[in-house]
2 protein chains.
Amino acid sequence: MNAVNYCNGVLDSQGGSRLSAPTRRERLRTSTLSEIKDEARRLLVIGGPDAISLRAIAREMGMTAPAIYRYFESLDALVEALAGDLYIEMSEIVAAAKHGAGDDPVAQIKAMARAFRDWSVAHPAEFALILGSPQPGIVAFQESCDEADHPGVEFGRPFMETINALWLRERYPTPPRSLMEERLAAHLEPLRASHGEEVPIEVAWAFLSGWSRLYGLVSMEVFHHLRWAVSDPGALFEMELHAYVDQFTGHSDKS
Amino acid sequence: MNAVNYCNGVLDSQGGSRLSAPTRRERLRTSTLSEIKDEARRLLVIGGPDAISLRAIAREMGMTAPAIYRYFESLDALVEALAGDLYIEMSEIVAAAKHGAGDDPVAQIKAMARAFRDWSVAHPAEFALILGSPQPGIVAFQESCDEADHPGVEFGRPFMETINALWLRERYPTPPRSLMEERLAAHLEPLRASHGEEVPIEVAWAFLSGWSRLYGLVSMEVFHHLRWAVSDPGALFEMELHAYVDQFTGHSDKS
DNA sequence: TTAGGAGAATGAACGCCGTTAACTATTGCA
DNA sequence: TGCAATAGTTAACGGCGTTCATTCTCCTAA
């Protein structure tokens, strides 16, 4: 699961990473810590983000609520830590889909987009927690975080790399370069800081454009915001996915 | 504000719409009812959807919480009613932007998209309530609702009409008609039921594609999900808006 | 004009919740 | 073996939605 929390209120009794083997106490501690998060996720899945409560977690674990404050500095800190784990879980699934899709960048993009949608539809509560409306408490928490450590960086990486490969192979059509330079270039510092200063603006554009389309479709489907218009959002998703990649290949691809 | 609640737990002591003039009691009732919703919105704006509480509303109004049950059957019902009002408010602002944009459909689409983004960015809490992650309680409430009365229908109307005008004027490029017929046509019953059986599939496609892109961009901006990549989502929005409408005109438009 | 009933609001209570503080039991190390 | 760090407890505070029995007020029908 690789839960490198990027910014958190996870209490660490022993200051940072170990060199020597973990003591018995440390093993117990990490096990309790992940049991808390497991229970939190169970509650999340059953009743949504608001259903995560310290008292319910403790009850289920045969503890009392204040004990959890030995592990997380607040409920918000726990939820934020869980969100970080879930973001990484999702990113790893997307990355795995890429690696299982052969060498063709277009096939890789399709595989990643479908993996993202499949995960999101299968895990609506988790999706809501990491990519839905942020809770004010969590937001206050994130204020103290470095954007460069945001899990979104790792999530975006396989997309960026694939699109970059695509761009190197053949120059797909984009908006006029002058327009992109003028409107977009000045606002890409975060992306450049985390993915390299030399990323071509055409790659950044294709990623941002594609990711926002992907997010919009999946988010609407997961949140049922298109029920009034469309009965099978999955079909719309496939149409749009094809439209998006056809933009790269210049022809229609059926796969 | 035109608050025709499409499905609600608003208690109506006097069964439906009046013919004769409202009595004194009825006037007091409607005034209290909207004062409750005003106060609920104030709390929403300050602290997000979770900050809406019956006790806080009552406290601010100089009442006690159980009194509110004379007006709404539960907190969820109140929140759902508020969400309905806000959806309509947003729809009216978008529709007004269209009417203030002259006769050119492309200009109208730009005006509506910008009005939607402006409203959303200016009202993040309201946006979260109506277009963010649904709260389980509210969802349970909506189960008993008719999709055909969903406020999204009216929200979509000016978009659908404008795109229809565009399609009648000139046949813009779309995915192959066969693909749309095969993948999309079968799943458009809700849209057809509310916007007419005869709506061309190219219009439905352009609307759904455009709306999901618009929603994705604005939602990401409002929820700060792109902070790790882009420092000014508004610039990305303008780029994408131009890319979207250029698809209709076939050339690049600067306005 | 007045009696009665409908409507509006209250207070108390139940069981949730996060969080704090004071306290106890346990563990592991010097 | 003793002591300090660690893990856990109980009790309490204030906030929450909701229910129930009760009170007050206003309108209407006799």
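Heavy-atom basis, side chains included; hydrogens, waters and symmetry copies ignored. Throughout, protein chains are lettered first and strands after them, A, B, ... in sequence-line order, and every chain is numbered starting at 1.
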Phosphate oxygens OP1/OP2 of D:dC16: is one of them under 4.0 Å from a side-chain N or O of B:S53? yes

Considering every strand and a 4.0 Å limit on heavy-atom distances, what is the contact class for B:F72: base, sugar-phosphate, or nothing? nothing

Are A:R27 and C:dG28 close enough that a side-chain N or O sits under 4.0 Å from OP1 or OP2? no

Expressed in angstrom and rounded to an integer, what is the separation of B:D50 atom CG from D:dG15 atom P? 18 Å

Rounded to whole angstrom units, what separation is found between the CG atom of B:L33 and the P atom of C:dA9? 11 Å

Please determine if a side-chain N or O atom of A:R29 lies less than 4.0 Å away from the OP1 or OP2 oxygen of D:dA7. yes

Take the protein atom CD1 of A:I36 and the nucleotide atom P of D:dA7, then report the distance between them rounded to whole Å. 11 Å

Candidate nucleotides D:dG17, C:dC16, D:dG8, ranked by approach to the side chain of A:R59 - the nearest: C:dC16

Does the ring centre of A:Y87 sit less than 6.0 Å away from the ring centre of A:H150? yes

Looking only at D:dC16, D:dG17, C:dT19, the nucleotide nearest the B:A56 side chain is D:dC16

Testing C:dA13, C:dT19, C:dA9 for proximity to the side chain of B:M63, the answer is C:dA9

Separation of B:R55 atom CZ from C:dA13 atom C1', in whole Å? 10 Å

side-chain N/O B:Y69 vs D:dT19 OP1/OP2, d < 4.0 Å: no

Can you name the one residue among A:E238, A:E240, A:E221 that meets salt bridge (charged side-chain N to carboxylate O under 4.0 Å, His left out) with A:R117? A:E221

A:I57 has an atom CD1; how far is it from atom C1' of C:dG18, in whole Å? 12 Å

Between C:dG11, C:dG18, D:dG17, which one does the side chain of B:P66 approach most closely? C:dG11

When the distance from CD1 of B:I68 to C1' of D:dC16 is rounded to whole Å, what number comes out? 12 Å

Could you tell me whether A:R59 and A:E39 make a salt bridge, using a distance below 4.0 angstrom between a side-chain N and a carboxylate O? no

Side-chain heavy-atom pair A:L236, B:H187 within 4.5 angstrom cut-off: no

Options D:dT9, C:dA8, C:dT10, nucleotide nearest the side-chain atoms of A:T64: D:dT9

Side chain B:R70 and base C:dG7 donor-acceptor under 3.5 Å: no

Nearest listed nucleotide, side chain of A:Y71, among D:dA7, C:dG18, C:dC17: D:dA7

From CG of B:L54 over to P of C:dC16, roughly how many Å is that when rounded to an integer? 19 Å

May I ask you to say what B:T32 touches in the nucleic acid, namely base, sugar-phosphate or nothing, with a heavy-atom cut-off under 4.0 Å? nothing

A:L44 versus A:A125, closest heavy-atom pair with distance: O-CB, 3.3 Å

Any A:F116 side-chain heavy atom under 4.5 Å of A:L131 side chain: yes

A:V222 vs A:H123 side-chain heavy atoms within contact, under 4.5 Å: no

What stem regions, each of at least 3 consecutive Watson-Crick or G-U pairs below 3.5 Å, can be found for DNA chain D? C:1-30 with D:1-30

For the pair A:S231 (side chain) and A:R227 (backbone), establish whether a donor and an acceptor sit closer than 3.5 Å, ignoring hydrogens and angles. no

D:dG17 C1' sits how many Å from B:D76 CG, rounded? 10 Å

